[in-house]
Chemist: 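Please see the structure below; I have some questions.
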Amino acid sequence: MKRFSLYLLLSISILCGLSSCFSDEDSTFVIYDDTGIVSFSVGTLKYECHTTSSKGEDSVYWTTIDCSRYKFYIDQVSKNIYNPDSLPCGVDAAKVICTLSTKNNGIAVIKNIDNDSLKFYSETDSIDFTVPRVFRVLSYSGVASRDYTIQVNVHKQYPDDFNWNLTVEEPNLAGLKAMRAFALNKEVFVVGHDGANAAMYAANIYSAASWRTIVPNVTLAQDVYRNIAIKEETCYAYSDGKLLSSPDMVEWTEVAAPALRQLVGASHNFLYAIATDGKLCSSADGVNWVEEVTDTDMSFLPSENIHLYCKASITNPGVTFLTLVGTSGSEVRIWNKVEEVDAQAQKQEWIYNNVSDDNRYTLPYLQNLQLLAYDGAMLAMGALPGAEDAGVAAFSAFYRSTDGGITWRQQSFYALPEQFRSSTTCFALVEDAEHFLWMIGGESGQVWRARINRLGWKEEQKYFGESNTASGASL
């Protein structure tokens, strides 16, 4: 009955419009049969804001936020309308003021959430978008109609929240005396030794509590965990004088037998290693190795806890910024290089980062230093020597650098929970393909995971062809 009344009101409004137009004998009035929604937007909405008092207590209050910059995309084929960039967490989706326009003065009505009843759309009425809503656009002639499903996406998580979660306490990992962690495809591998032999375990990134033993097809050296590098989707390991490669860390194939002291890492283009003569060298295929050029004596290269950080240039294709970080004794050694793959480019040298006396933000010595790329910067952590004597947690310090390792700012944001237990010399940190950080504790076998929420958000489709846009569409 409500539907009949709505169509009756629509017919009356159309007739009134026609009569007013026909009163002018010189006027020409065209009634169109086709219609559709050609634009949709939201404006200023209610927003639940969280804040922290001076006492560290959480509090909540309501304010407003301008959401007009969030674009809504119209897929005229499937007749779906949505915002690929979700509105901020805290927006009240139950009370949304929206604006839409139609082709050929079509009239928009809204279907009830619970039944098929319809009501006229109004720019001044708030609409409940906690669920997708069906809008029907009726042509001015009353002959045609089109139904659209409009979804107002609101984030359910705050973008920069980061919380560690314990997934398992794995006995096999607890038994390792040394370890490193590596991410390859959809797997996380922990490679180490049990005091006598090399040992390797793996977990799928979607099942962090289930670990399996990896049995390679070759015998690997006890210290192989120090000599592993991932280049593209291939793992390389230097073991007993041989360079091996593997797609899965199970089936290994010999590549060459270069004279290396340690394999230190890989960029997208090259493997990097320290040769037996103490020189830094590189190779594109693992077979042919070339000595690198440095600006100072290579005796300043690190000898332990070596990590290679790579960051591709966002302005110059083929250019990668490299940072080599490690320790020698109780000193931190950092080197930088600009890697270029253009055949015409001049080969760049490695620059030793000699810390200046006035630099207050240096990376301190940390036991079993771990370093990786995370959220667009370098993230380093390790165990603070003598932390217990100083009355602080051994794993309280994370350091972040955005300038190639020149300055490092301590980050409490990433701090491990008080429940984390580990040896201070045996633990590992790695990022997986879904941007989760994994922290594995020695002796305890604890596996903790965490991710900055926004790094896990998926990007929705934003393009539907020339005839389907956010601001208008050809129907």
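Note that these values count all heavy atoms, side chains included, but never hydrogens, waters or copies made by symmetry.
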Chemist: More than 12 non-hydrogen atoms from neighbouring residues, nucleotides or ligands closer than 6.0 Å to NZ on Lys311, yes or no?
Modeler: no

Chemist: Backbone N or O of Arg226 within a donor-acceptor pair of the Gln262 side chain at under 3.5 Å?
Modeler: yes

Chemist: Would you check if the side chain of Thr320 reaches a backbone N or O of Cys310 as a donor-acceptor pair within less than 3.5 Å?
Modeler: no

Chemist: Quick one: CD1 on Ile37 to CD1 on Ile150, what's the gap to the nearest 0.5 Å?
Modeler: 4.5 Å

Chemist: Would Arg180 count as a cation-pi partner of Tyr225, with NZ or CZ less than 6.0 Å from the six-membered ring centre and within 45° of the ring normal?
Modeler: no

Chemist: Heavy atoms, side chains only, cut-off 4.5 Å: are Phe321 and Val338 in contact?
Modeler: yes

Chemist: Is any side-chain heavy atom of Val96 closer than 4.5 Å to a side-chain heavy atom of Leu45?
Modeler: yes

Chemist: So, do Ile81 and Asp75 sit near enough that their side-chain heavy atoms are less than 4.5 Å apart?
Modeler: no

Chemist: If I take atom CD from residue Gln446 and atom CG from residue Leu166, how far apart are they, to the nearest 0.5 angstrom?
Modeler: 5.5 Å

Chemist: Can you see whether Gln367 engages Thr425 through a side-chain donor-acceptor pair at a distance of less than 3.5 angstrom?
Modeler: no

Chemist: Measure the spacing between OG of Ser396 and OH of Tyr414 and express it to the nearest 0.5 Å.
Modeler: 16.0 Å

Chemist: Between Glu339 and Lys337, does any NZ, NE, NH1 or NH2 come within less than 4.0 Å of an OD or OE carboxylate oxygen?
Modeler: no

Chemist: I would like to know whether Tyr73 and Asn83 meet side-chain contact (heavy atoms from CB on, under 4.5 Å); could you show each step before the answer?
Modeler: CA-CA 6 Å; Tyr73 288 79; Asn83 51 316; over 6 Å; no

Chemist: Is a side-chain donor or acceptor of Gln348 paired with a backbone partner of Gln346 at a separation under 3.5 angstrom?
Modeler: yes

Chemist: Test side-chain contact (heavy atoms from CB on, under 4.5 Å) on Tyr236 and Trp252; report intermediate values, then the result.
Modeler: CA-CA 9 Å; Tyr236 290 86; Trp252 294 89; 6.0 Å; no

Chemist: Considering non-hydrogen atoms only, spot the tightest contact between Cys235 and Ile228 and give its length.
Modeler: SG-CG2, 3.6 Å

Chemist: Sequence neighbours left out, what passes side-chain hydrogen bond (donor to acceptor under 3.5 Å, both in side chains) with Asp160? Give chain and number order.
Modeler: Arg454

Chemist: For Phe427 and Ile440: C-alpha separation, side-chain torsions, deciding distance, then whether side-chain contact (heavy atoms from CB on, under 4.5 Å) applies.
Modeler: CA-CA 6 Å; Phe427 51 87; Ile440 299 100; over 6 Å; no

Chemist: Applying side-chain contact (heavy atoms from CB on, under 4.5 Å) to Trp211 and Val188, what does each step give before you reach the verdict?
Modeler: CA-CA 10 Å; Trp211 289 82; Val188 165; 4.1 Å; yes

Chemist: Please report, to 0.1 Å, the donor-acceptor pairs under 3.5 Å made by any side chain of residues 415-422, with sequence neighbours excluded.
Modeler:
| residue | atom | partner | partner atom | Å |
| --- | --- | --- | --- | --- |
| Arg421 | NH1 | Glu418 | O | 2.5 |
| Ser422 | OG | Cys426 | O | 3.2 |
| Ser422 | OG | Gly442 | N | 3.0 |

Chemist: Are any of the side-chain heavy atoms of Leu324 and Ile334 separated by less than 4.5 Å?
Modeler: no

Chemist: Is a side-chain N or O of Asn227 found less than 3.5 angstrom from the main chain of Ala237, in a donor-acceptor match?
Modeler: no

Chemist: Please confirm whether the backbone N or O of Leu369 pairs with a side-chain atom of His307, one donor and one acceptor, at under 3.5 Å?
Modeler: yes

Chemist: Between Arg451 and Glu431 (salt bridge meaning N to carboxylate O under 4.0 Å), is one present in this structure?
Modeler: no

Chemist: When you compare the side chains of Gln76 and Tyr148, does any donor N or O come within less than 3.5 Å of an acceptor on the partner?
Modeler: yes

Chemist: Any side-chain heavy-atom pair from Leu384 and Phe395 closer than 4.5 angstrom?
Modeler: no

Chemist: Given side chains that start at C-beta, do those of Pro216 and Val250 come closer than 4.5 Å, heavy atoms only?
Modeler: no

Chemist: Using a strict threshold of under 4.0 Å (side-chain N to carboxylate O), is an ion pair present between Lys177 and Glu443?
Modeler: no

Chemist: Could you give the distance from CG (Leu366) to OG (Ser330), rounded to the nearest 0.5 Å?
Modeler: 12.0 Å

Chemist: For residues Gln157 and Trp457, report the shortest heavy-atom separation together with the two atoms involved.
Modeler: OE1-NE1, 3.2 Å

Chemist: Assess the side chains of Asn172 and Glu170: does a donor N or O sit below 3.5 Å from an acceptor N or O?
Modeler: yes

Chemist: Does Tyr374 reach the side chain of Leu437, with side-chain heavy atoms less than 4.5 Å apart?
Modeler: yes

Chemist: For Leu429, is there any backbone N or O sitting under 3.5 Å from a side-chain donor or acceptor partner on Gln370?
Modeler: yes

Chemist: Answer yes if the side chains of Ser356 and Asn354 hold a donor-acceptor pair under 3.5 Å, and no otherwise.
Modeler: no

Chemist: Hydrogens and angles aside, do Glu48 and Trp62 bring a side-chain donor and acceptor to less than 3.5 Å of each other?
Modeler: no

Chemist: Just by modelled atom types, is the Ile406 backbone N or O under 3.5 Å from a matching donor or acceptor in the Asp403 side chain?
Modeler: yes

Chemist: Do Asn165 and Thr167 have a side chain donor and acceptor closer than 3.5 Å?
Modeler: no

Chemist: Is there a donor-acceptor pair under 3.5 Å between the side chain of Asn368 and the backbone N or O of Gly382?
Modeler: no

Chemist: Is the closest side-chain donor-acceptor distance between Ser282 and Glu292 under 3.5 Å?
Modeler: yes

Chemist: For the ring pair Tyr82 and Phe72, is the centre-to-centre distance below 6.0 Å?
Modeler: no

Chemist: Could you tell me which non-hydrogen atom of Tyr309 sits nearest to which non-hydrogen atom of Ala373, and how far apart they are?
Modeler: CE1-CB, 3.3 Å

Chemist: Phe300 vs Tyr352 aromatic rings, parallel, tilted or perpendicular, using cut-offs 30° and 60°?
Modeler: tilted

Chemist: Please determine, by modelled atom types, if Tyr206 and Glu434 share a side-chain donor-acceptor pair under 3.5 angstrom.
Modeler: yes

Chemist: Can a side-chain donor-acceptor contact be found between Asp432 and Trp438 if the only test is distance below 3.5 angstrom?
Modeler: yes

Chemist: Atom CD1 in Ile274, atom CE in Met298: separation rounded to 0.5 Å?
Modeler: 9.5 Å

Chemist: Is it the case that over 12 heavy atoms from other parts of the model lie below 6.0 angstrom from the CD atom of Glu232?
Modeler: yes

Chemist: Give the intermediate values and the outcome of side chain to side chain donor-acceptor pair (under 3.5 Å) for residues Ser246 and Asp248.
Modeler: CA-CA 6 Å; Ser246 173; Asp248 55 10; 3.1 Å; yes

Chemist: Evaluate the side-chain proximity of Thr234 to Leu184: yes if any heavy-atom separation is below 4.5 Å, no if none is.
Modeler: no

Chemist: Counting only N and O atoms by type, is there a donor-acceptor contact under 3.5 Å from the side chain of Ser267 to the main-chain atoms of Phe270?
Modeler: yes

Chemist: Ala221 and Ser239: which non-hydrogen atoms are nearest, and at how many Å?
Modeler: N-OG, 2.8 Å

Chemist: What closest approach, in Å, do Asn336 and Gly404 show between heavy atoms, and which atom pair accounts for it?
Modeler: ND2-O, 2.8 Å

Chemist: Indicate the atoms forming the closest heavy-atom contact of His435 with Leu455, along with that distance.
Modeler: CD2-O, 3.3 Å

Chemist: Side chain of Asn353, backbone of Gly405: donor and acceptor closer than 3.5 Å?
Modeler: yes

Chemist: Say whether Asn288 and Asp285, considering side chains only, have a donor N or O and an acceptor N or O under 3.5 Å apart.
Modeler: yes

Chemist: Any chance you could lay out the side chain to side chain donor-acceptor pair (under 3.5 Å) test for Thr296 and Thr294, step after step, and finish with the verdict?
Modeler: CA-CA 6 Å; Thr296 191; Thr294 61; over 6 Å; no

Chemist: Hey, can you tell me if Trp164 and Phe398 have their rings parallel, tilted or perpendicular (30° and 60° cut-offs)?
Modeler: tilted

